[in-house]
Structure formats: structure tokens, C-alpha cells
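Values below: every heavy atom of this structure, side chains too, minus hydrogens, waters and symmetry copies. We number each residue from 1, following the sequence as shown. Numbering of ligands and ligand atoms starts at 1, following listing order.
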Amino acid sequence: MSNLEIKNISKTYKKGAVKALDSFSLKLSSGVYGLLGPNGAGKSTLMNIITDNLNSDSGEVLYDGVNIKKLGKDYRSLLGYMPQQQGLYDDFTLNRFLWYMAALKGLKKKEAKQKITSLLETVNLTGAAHKKMGGFSGGMKQRALIAQALLNDPKILILDEPTAGLDPKERIRIRNFISEIAEDKIVLISTHVVSDIEFIAKEIILLKSGQLISHDTCTNLLKQIEGKVYEIEIGKDKLKYFQDNYRVSNLRHNDENIIVRIVTDDIPSDYACTQTKPSLEDLYLYVFEKINQTS
Ligand code: ADP
Ligand code: MG
């Protein structure tokens, strides 16, 4: 089984003023990995380095033990990459865009024709093939970008926020689609939306300020906050206190009162707390949200 090893990668911008990645190391084998972190965590930087579109300051990326810089073209032919930015090809029809990308990837004409036809079917865009991409909805653009990433049957698929800007229905569609095509591939998906990866990732990677916080199956990660998630019924006047002092992952109204869901190391005394089963969203808050806990 092939593997991709990220070894001690560091990257700064602005002559060292911004530390985007800080000695990041991780080994990936086949399956879906969810790279989870807030904006600015370093997700795109990591993906740009893995895809060799950006040089790191130090460290290396190895594919089956060989530095990707050494593999060069051979590595690129294994790679499918969906970058974060949209709108670069708004003047292209989808068909022209895919032919253009196929040419860049060195596909032969016959091969390209076959692939484009079948991928258009896969991403459900056959009917839009001759329309300009500028007029596409967010979901259509994302699907077009995913199709482009799959032209060369990649063994490594890197998707940078593939569900950004999509409505819930489109999100589910893209998520299921990624899950379907992931077989026998190393798939890395970045997102700051927990539900995008909660059920399809075999492993979740938590990235914060350029540092790897932890990586594990969702079930194992949730063990970190076992016994730390509570629901508490409070009066409306107490809401601000809770929002200021605790990580509130959810709230719902119950007649005159509010039920807050918090994730905390310190159980608030003076309140009737019901311990609750943790979710990945609770973990996200626990890891990424700063609070000024007073208790
Ligand atoms: P993410 O994709 O998780 O939002 P990025 O990798 O885009 O994170 O950014 C990580 C950090 O590096 C952020 O602080 C961001 O502002 C900074 N950064 C990213 N790209 C550049 C760049 N080209 N020049 C300067 N700073 C950058
Ligand atoms: Mg990004």
C-alpha cells in the first residue's frame, strides 16, 4: 500500500513574520483524511506543499519513501488537486476547461475524450458542458473543479475546502461523491465544517496555528472530551455569563429557560448539569475556541 509521508514541514511567510506551518509531520495511507482547522490554521499552505506548488522552509514530503521533488513529473501524474480559489476559469466553457486541464496533465486526445465524457456524467454536469463556468452555481463550480482533479485517475487526491460556499443539499451530494470515489486513493480534504468529514473520514487531523494538535479516528478523538460535555437549563439572564465563560456548542429554548450545551474541563457548580455524549462539533470548540474561563 502506498503512503505519503509529511516530515517536519515548516513554512513561514513575510520573512518569518507569519508562521503558517510549524514542524508538521504525518503519514497518510489510502483512505479519506479530514484536515480540520479554522481559517488561517495552515490547511491551504500544507496542501500547496504536498502538491509541490509551494516550497517549504524545511522538511520534506515523501511518496513511498522517495522525496516528491525527486519524483517530479512521476509524482504529478499520481496527483489530483482541487485548489481553494474559484472563478479563475469563468470565461471557459466547462468542456474547454476540462480539455485544457487534460492537456496540462498530458492526456492523449482519445484518453481525454473518454475521461471527460465519463467524468461529466460522474459529477452530473453533462448538460452544462457547453456553458460558461462564470454562470455556474457554487456547487456546479466545485463539481467542475473536482472533475478536473480526477482527469488523470489520481492515486493521491487533495481537495481544499471542496464544500465551501455550498448549500446543505450540495454539501451532502459532494460529500457522498467524494466518499464514492475515494477507494484505493489517499484522499485529503480540508474543511472548517465538521459535518463535511465526520462520517466519511477514516482519520481526522486537527490543525491549529500551523501545528498538528492530534490525528485519529473520530471515535478515538471524542474520547478526549468524554465527560466534558454537559447540558444545563438556565434562565435567560444567565446566558451571557455562560457565553462569556464557557464554550457553548449549542443552545435551545425551553419555555422561559434556555438549555445550553457546553464543553468544559470545569463543571459549573450551582447548576444542575446533565452529562451528554460528545460530538465532533464539541471537540472542535474544545480545541479551537479560546475562552476566559473564570471558574
Ligand atoms: P487556511 O487554509 O487554514 O485558512 P492558510 O494556509 O491559507 O490557512 O494560511 C495560514 C497562515 O498563513 C495565515 O495566517 C495566512 O494569513 C498566512 N498566509 C497564507 N498565505 C500567505 C501568503 N501568500 N503571504 C502571506 N501570508 C500568507
Ligand atoms: Mg485555506
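For atom 8 (O) of ligand 1, the nearest non-hydrogen atom of the protein is Gly42 N, 3.1 Å. Shortest contact from atom 5 (P) of ligand 1 to any protein heavy atom: Thr45 OG1, 3.7 Å. The protein heavy atom nearest to atom 19 (C) of ligand 1 is Tyr13 CE1, 3.2 Å.
Residues Tyr63 and Ser2 have side chains that bring a donor and an acceptor to within less than 3.5 angstrom of each other. Between the side chains of Tyr286 and Asp265, at least one donor-acceptor pair of N or O atoms lies under 3.5 Å. Side-chain atoms of Thr51 and Asn53 form a donor-acceptor pair, as typed in the model, at a separation below 3.5 Å.
Contact analysis leaves Gly37 out of contact with ligand 1, as no non-hydrogen atom separation drops below 4.0 angstrom.
Proximity to Asn39 (heavy-atom distance under 4.0 Å) selects the following atoms of ligand 1: 4 (O). Each of the atoms 12 (O), 14 (O), 17 (C) of ligand 1 lies under 4.0 Å from some heavy atom of Val18.
For the Mg ion (ligand 2), the N/O/S atoms of Ser44 include one lying under 2.8 Å. The nearest N, O or S atom of Met47 is not closer to the Mg ion (ligand 2) than 2.8 Å.
For atom 15 (C) of ligand 1, no protein heavy-atom neighbour is found at a distance under 4.0 Å.
Residue Lys14 has no nitrogen or oxygen atom sitting less than 3.5 Å from a nitrogen or oxygen atom of ligand 1, judged on distance alone.
Within a 6.0 Å radius of NZ in Lys202, more than 12 heavy atoms belonging to other residues, nucleotides or ligands are found. Heavy atoms of other residues, nucleotides or ligands lying less than 6.0 angstrom from CD of Glu281 number 12 at most. Crowding of Tyr271 atom OH: a count of heavy atoms from other residues, nucleotides or ligands under 6.0 Å exceeding 12.
Between Ser44, Gly40, Ala41, Ser190, it is Gly40 that holds the heavy atom closest to atom 11 (C) of ligand 1.
In this structure, Tyr230 has its ring center at least 6.0 angstrom away from the ring center of Tyr246.
Residue Leu239 is tested with Leu251, Asn257, Asp244 for a side chain to side chain contact (heavy atoms under 4.5 Å, CB included); the sole match is Leu251.
At a heavy-atom cutoff of 4.0 Å, ligand 1 is contacted by the backbone of Pro38 but not by its side chain.
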